[in-house]
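A quick write-up on the structure given underneath.
What you see is a predicted model, and the numbers here were worked out from it, not measured in a lab.
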Amino acid sequence: MTDATTLHAAFAGHIAAALDALEAAGTLPPGLNRANVAVEPPRDSSHGDLATNAAMVLAKPAGTNPRALAEALVGELTKLPEVTSAEIAGPGFINLRIDASAWLTELRAIAALGGDYGRSAMGSGKMVNVEYVSANPTGPMHMGHCRGAVVGDALATLLEFAGHKVTREYYVNDAGGQVDVLARSVHMRYREALGEDVGNIPEGLYPGEYLVQVAQELAAEFGDKYTSAPESDWLAPFRTRAVAAMLVMIKADLALLGIHHDLFSSEAELQAAGKPEEAEAWLRAHDLVYDGVLEAPKGKTIEDWEPVELPLFRSTKFGDDQDRPIRKSDGSWTYFGADLAYHFQKAEKADALVDIWGADHAGTVKRIKAAVAALTLGAGKEKPFEIKIVQMVQLLRNGEPVKMSKRSGNFVTLADVVQEVGKDVVRFTMLTRKPEAQMDFDFAKVVEASKDNPVFYVQYAHARIRSTLRKGAEAGFAPSDAAIERLGEEELELIKLGAQFPRLIEAAAAAREPHRVAFYLYELAGALHAYWNVGNDRPEKRFIVAQDADLTGARLYLAAQIGQLIKNGLALLGVEAVEEM
RNA sequence: GCGCCCGUAGCUCAGCUGGAUAGAGCGCGAGACUUCUAAUCUUGAGGUCGCAGGUUCGACCCCUGCCGGGCGCGCCA
């Protein structure tokens with residue numbers, strides 16, 4: 001076995017080999033599509049250790065019936081030494097039972113590989129660019145950014161673990177109107193810093209206190225040079241410095257969550273380099289951009305709507321309601337116009353793109369995917385481009401919705417939440433829900449009711465294991481695989497669940513769903529807790545059985561490996577595996 | 001009006017890309033702490049998988065149409 005490290009992967013190979021053998025024998029016609037052949041543990045473990053639907057999936061295209069094919073397949077599979085029984089069940093499932101020794105081999109593999117157990121070559125070194133957060137650089141991170149940040153970060157780590165080369169990228173929107181508003185807001189604080197009474201910050205500017213310090217630095221740098229100068233004099237330098245200061249703040253906030261991007265790409269630099277022009281020229285040459293006039297938007301009336309001719313991307317060709325402008329009437333780029341060039345730029349350096357977006361931008365998915373598909377195809381090869389939409393988090397405090405508005409300066413910052421709740425709780429909580437489902441984050445609940453929180457349940461399992469290993473060491477027992485054949489049925493159940501870790505990683509990575517790791521860990525922790533409690537009533541089932549050094553060594557070995565699995569899984573989620581609670 | 005997401009136990013949610021008798025936590029009922037940490041465990045009750053059709057050996061999962069909730073529908077970002 002070349003891939004002796006993961007039992008499930010090995011058996012996927014065994015099934016394939018068995019099918020090859022049937023082809024060679026003429027039982028099965030060659031070239032059947034096996035994409036739907038699955039090898040997985042049955043839901044009900046009484047059915048066996050592994051099940052495959054191969055006979056049912058292939059019977060029809062092979063022109064035979066499931067039963068007959070299953071019997072032929074069973075004939076092949078029973079030749080394997082690890083297979084203790086192969087039974088046909090239901091409409092044509094094949095249920096396999098695997099010898100205990102194979103599971104013990106897997107347990108040794110966990111020990112041998114340690115932190116690398118579960119690592120996969122699935123990605124075969126493909127370069128994947130994961131873009132996440134990309135919050136406008138106009139203030140500190142708030143809770144609205146949190147979920148996408150955590151999901152994106154965990155996904156990036158997961159993809160790396162599954163054999164991809166990952167770039168974690170943050171797109172800095174430093175070219176739009178919002179950064180001018182930032183610069184104006186800072187200018188007001190700048191005048192204030194120089195002793196002027198500016199009164200309340202006017203509507204439409206950012207009122208946040210976090211601008212005070214930036215303004216003071218500007219006052220120190222420029223003195224009163226710009227207090228009454230025209231905006232055209234100071235807008236650019238103020239904008240540059242304010243954005244830089246905001247990014248420092250944002251990076252610090254992200255660091256609190258353990259998030260670090262590899263690359264911060266500037267929209268302003270992209271535009272300065274003429275990338276959007278290049279994209280526009282190509283799109284025009286291929287009749288994907290034309291000059292046209294938009295219809296007035298439906299569903300809501302805009303008083304000052306007037307039809308204007310603009311360069312439009314033909315997104316209606318790709319299922320969008322409307323063609324979309326890439327430039328404004330003043331000739332500057334729309335967000336979309338710059339964004340398509342940005343994605344094209346990313347695609348030149350990567351094999352695949354993944355974006356994590358908030359649900360409020362879901363309406364723009366079609367146009368950007370269409371534009372990027374056209375551009376990358378035009379450049380020679382279409383690059384896979386996925387956009388994962390992360391739904392809104394409703395922030396609650398004692399059941400009451402917390403209203404957030406950046407304009408009023410009234411928002412819950414990420415830093416506050418991390419400080420109050422802790423990084424591990426925030427991260428794990430954000431990952432115990434599939435991202436496309438809306439979620440409530442009740443402040444009071446997450447803070448106070450720690451025992452309801454899955455993260456503690458999982459961490460507790462790890463802490464228990466570590467504690468046991470410490471106790472064992474004190475009593476002179478070390479984990480050892482010398483006598484692991486003495487592990488019984490209950491221990492094997494634990495190993496079987498643990499052995500699913502590698503295939504779980506691959507499935508989660510393929511689906512781009514890091515939350516599956518969190519749910520798996522919860523299940524594994526539950527199995528560990530259940531096993532532990534057997535020892536309450538039956539001291540002979542405890543990890544440490546003082547009078548039996550061999551058995552104790554074997555059980556501690558098992559405990560150590562389960563602890564390793566939990567640690568590996570938590571590492572993917574960016575959550576600490578604690579030594580004690 | 002249109003697009004995207006969601007709808008699974010009283011509540012909060014999983015459901016491994018179409019598999020076998022749909023699962024877990026909380027809550028409710030009954031139990032287990034002179035212990036390797038009870039932040040745990042065991043056990044019971046609780047379901048028309050929003051509704052109606054369709055596709056096939058088989059549907060919570062795919063397709064169509066409704067119903068309900070969320071997000072969005074400027075040359076904003």
Side-chain angles (χ1 to χ4, degrees), chain A residues 36 38 40-44 47 51 53 56-57 59-60 65-66 89-93 95 136 138 173 176-178 294 296-300 302 304-305 308 310 319-322 324-330 332-337 339 358-366 389 391-392 394 432-440 442 445 449-454 456-457 459-461 463-465 467-472 475 500 503-504 507-508 510-511 513 515-516 518-520 522-523 525-526 528-537 539 542-545 552 555-556 559 580-581:
Chain A
N36 291 325
E40 52 192 25
R43 293 221 171 110
D44 185 344
H47 288 137
N53 60 355
M56 286 183 293
V57 173
K60 195 171 187 180
N65 68 75
F93 286 101
N95 291 327
N136 285 336
T138 56
N173 301 130
Q178 79 285 354
L294 288 176
K298 301 189 170 80
K300 69 181 202 177
I302 297 175
D304 59 349
W305 175 265
V308 180
L310 292 167
D320 207 349
D321 324 336
Q322 213 177 31
R324 303 290 174 176
I326 63 169
R327 287 179 191 261
K328 307 178 199 173
S329 53
D330 67 0
S332 66
W333 298 103
T334 61
Y335 183 86
F336 173 56
D339 204 30
D360 50 345
H361 290 134
T364 67
V365 167
K366 277 181 184 168
I389 298 296
Q391 291 293 325
M392 295 291 157
Q394 161 107 310
T432 41
R433 187 136 326 175
K434 57 187 173 192
E436 64 269 28
Q438 290 155 235
M439 124 182 245
D440 289 345
D442 194 322
K445 210 170 175 181
S450 60
K451 76 167 202 179
D452 290 343
N453 211 311
F456 292 107
Y457 186 81
Q459 286 182 317
Y460 183 40
R464 268 186 155 170
I465 287 169
S467 162
T468 305
L469 291 170
R470 286 193 299 271
K471 289 272 182 195
Q500 291 189 38
R503 61 181 288 276
L504 173 100
E513 288 182 347
H515 76 274
R516 291 193 198 182
F519 282 98
Y520 170 78
Y522 189 80
E523 192 183 347
L528 185 278
H529 288 310
Y531 176 76
W532 175 286
N533 274 272
V534 173
N536 275 346
D537 295 332
R542 292 179 190 170
F543 284 102
I544 298 169
V545 184
T552 299
R555 291 212 180 129
L556 289 179
E580 55 191 345
M581 299 294 283

* Asked: Between Leu469(A) and Met439(A), who's closer to the 5' end of RNA chain B by nearest nucleotide?
  -> Met439(A)
* Asked: Are OP1 or OP2 of C5(B) and a side-chain N or O of His361(A) less than 4.0 angstrom apart?
  -> no
* Asked: For Tyr460(A) and G25(B), what is the distance between atoms OH and P respectively, to the nearest whole Å?
  -> 17 Å
* Structure fact -> Considering only heavy side-chain atoms of Asn533(A), the closest of A77(B), U40(B), C5(B) is U40(B)
* How close or far is atom C1' of A38(B) from atom CE of Met581(A), stated in whole angstroms? -> 13 Å
* May I have the distance from Phe93(A) (atom CZ) to C57(B) (atom C1'), rounded to whole angstrom? => 11 Å
* Distance between P atoms of A59(B) and G54(B) (Å, rounded) -> 12 Å
* Structure fact -> Shortest non-hydrogen pair, Asn95(A) vs Ala51(A), comes out as OD1-CB, 3.4 Å
* To do: Could you tell me whether Ala510(A) contacts a base, only the sugar-phosphate backbone, or nothing, with contacts defined as non-hydrogen atoms closer than 4.0 Å?
  => base
* Could you state the CD-P distance from Gln438(A) to C4(B), rounded to the nearest angstrom? -> 16 Å
* Asked: OP1, OP2 of U37(B) versus side-chain N and O of Arg464(A): anything below 4.0 Å?
  -> no
* Structure fact -> Residues Ala511(A) and Arg516(A): closest non-hydrogen pair is CB-NH2, 3.4 Å
* To do: Could you let me know what U21(B) is paired to, Watson-Crick or G-U wobble, both distances under 3.5 Å, or none if it's on its own?
  => none
* Could you please name the option among G25(B), A77(B), C2(B) that lies closest to any side-chain atom of Asp321(A)? => C2(B)
* Asked: Without hydrogens or angle criteria, can the side chains of Arg464(A) and Tyr460(A) be said to hold a donor-acceptor pair below 3.5 Å?
  -> yes
* So what does Arg43(A) touch, heavy atoms closer than 4.0 Å: a base, only the sugar-phosphate, or nothing? -> base
* **Closest approach of Thr334(A) to Pro325(A) (non-hydrogen atoms, all atoms of both residues)** => OG1-O, 3.0 Å
* **Between U43(B) and G3(B) - P atom distance, rounded Å** => 49 Å
* Determine the Euclidean distance between corresponding P atoms of G65(B) and G25(B); express it in Å to zero decimal places. => 39 Å
* **Separation of the C1' atoms in C13(B) and C2(B), to the nearest angstrom** => 31 Å
* Asked: Mind checking who C66(B) pairs with, Watson-Crick or G-U wobble, both distances under 3.5 Å?
  -> G50(B)
* Asked: If you measure from the P atom in C57(B) to the same atom in G10(B), how many Å do you get, rounded?
  -> 35 Å
* Asked: Taking the same atom, C1', in G23(B) and in A9(B), what whole-Å distance lies between them?
  -> 10 Å
* Asked: Separation of Asn53(A) atom CG from A20(B) atom P, in whole Å?
  -> 11 Å
* Donor-acceptor contact present, side-chain Arg555(A) to main-chain Arg542(A), <3.5 Å -> yes
* Structure fact -> Side-chain contact check for Lys366(A): nearest option of G3(B), G19(B), A24(B) is G3(B)
* What nucleic acid atoms does Pro325(A) come within less than 4.0 Å of, heavy atoms only: base, sugar-phosphate, or nothing? -> sugar-phosphate
* Which is true for Asp339(A) with a 4.0 Å heavy-atom rule: it touches a base, it touches only sugar-phosphate, or it touches nothing? -> nothing
* Structure fact -> Value for CD1 (Ile544(A)) from NZ (Lys471(A)), rounded to nearest 0.5 Å, stands at 8.0 Å
* Round to a whole Å and report the spacing from NE2 of His529(A) to C1' of U37(B). => 11 Å
* Counting just side-chain N and O atoms, does Thr334(A) come under 4.0 Å of either OP1 or OP2 of C75(B)? -> no
* Can you name the salt bridge (charged side-chain N to carboxylate O under 4.0 Å, His left out) partners of Arg43(A), sequence neighbours left out? -> none
* To do: Using a 4.0 Å heavy-atom cut-off across all strands, classify Ala530(A) as base, sugar-phosphate, or nothing.
  => sugar-phosphate
* Phosphate contact (G58(B) OP1 or OP2) by Lys60(A) side-chain N/O below 4.0 Å -> no
* Closer to the 5' end of RNA chain B via nearest nucleotide, is it Val308(A) or Thr432(A)? -> Thr432(A)
* Asked: Is Glu580(A) touching bases, backbone alone, or none of the nucleic acid, heavy atoms closer than 4.0 Å?
  -> base
* Reckon Ala51(A) touches a base, only the sugar-phosphate, or nothing at all at heavy-atom distances under 4.0 Å? -> base
* Asked: Does G46(B) sit syn or anti, given that only angles within 90° of 0 count as syn?
  -> anti
* Between Thr138(A) and Asn136(A), a side-chain donor and acceptor under 3.5 Å -> no
* **Whole-Å P distance, C16(B) and U42(B)** => 24 Å
* NA contact type, Gly176(A), heavy-atom cut-off 4.0 Å: base, sugar-phosphate, or nothing? -> sugar-phosphate
* To do: Remember a base hit wins even if backbone is also touched, and classify Phe519(A) as base, sugar-phosphate or nothing at under 4.0 Å, heavy atoms.
  => sugar-phosphate
* To do: Would you indicate what Phe336(A) reaches in the nucleic acid, counting non-hydrogen atoms under 4.0 angstrom: base, sugar-phosphate, or nothing?
  => nothing
* Under 4.0 angstrom between Trp532(A) side-chain N/O and A38(B) OP1 or OP2 -> yes
* With a non-hydrogen cut-off below 4.0 angstrom, is Asn536(A) in contact with a base, only sugar-phosphate, or nothing? -> base
* To do: Quick one: label Thr364(A) by what it contacts on the DNA or RNA (base, sugar-phosphate, nothing), any heavy atom closer than 4.0 Å.
  => base
* Rounded interatomic separation in angstrom, taking CG from Asp320(A) and P from C73(B) -> 13 Å
* Asked: How far, in whole Å, is G27(B) from G70(B) if one measures between their C1' atoms?
  -> 27 Å
* Donor-acceptor pair under 3.5 Å, Ser329(A) side chain vs C75(B) base -> yes
* N/O (side chain, Tyr457(A)) to phosphate O (OP1/OP2, C41(B)) under 4.0 Å -> yes
* Asked: With both distances under 3.5 angstrom, what nucleotide forms a Watson-Crick or G-U wobble pair with U56(B)?
  -> none
* Under 4.5 Å between any side-chain heavy atoms of Glu513(A) and Lys434(A), yes or no? -> no
* N or O in side chain of Lys434(A) less than 4.0 angstrom from U8(B) OP1/OP2 -> no
* Asked: Closer than 4.0 Å, any side-chain N/O of Arg516(A) to the OP1 or OP2 of U17(B)?
  -> no
* To do: Please determine, for G72(B), whether a Watson-Crick or G-U wobble partner exists with both distances under 3.5 Å, and give it or none.
  => C2(B)
* Measure from the ring center of Phe93(A) to the ring center of His47(A) and say whether it is less than 6.0 Å. => no
* With both distances under 3.5 Å as the test, what is the Watson-Crick or G-U wobble partner of U43(B)? -> G29(B)
* To do: Just call it for Ala89(A): base, sugar-phosphate, or nothing, with non-hydrogen atoms closer than 4.0 Å on any strand.
  => base
* Asked: Roughly how many Å is it from CG in Asn36(A) to C1' in C16(B), rounded to a whole number?
  -> 15 Å
* Counting any heavy atom closer than 4.0 Å, what does Ile544(A) reach on the DNA or RNA strands: base, sugar-phosphate only, or nothing? -> base
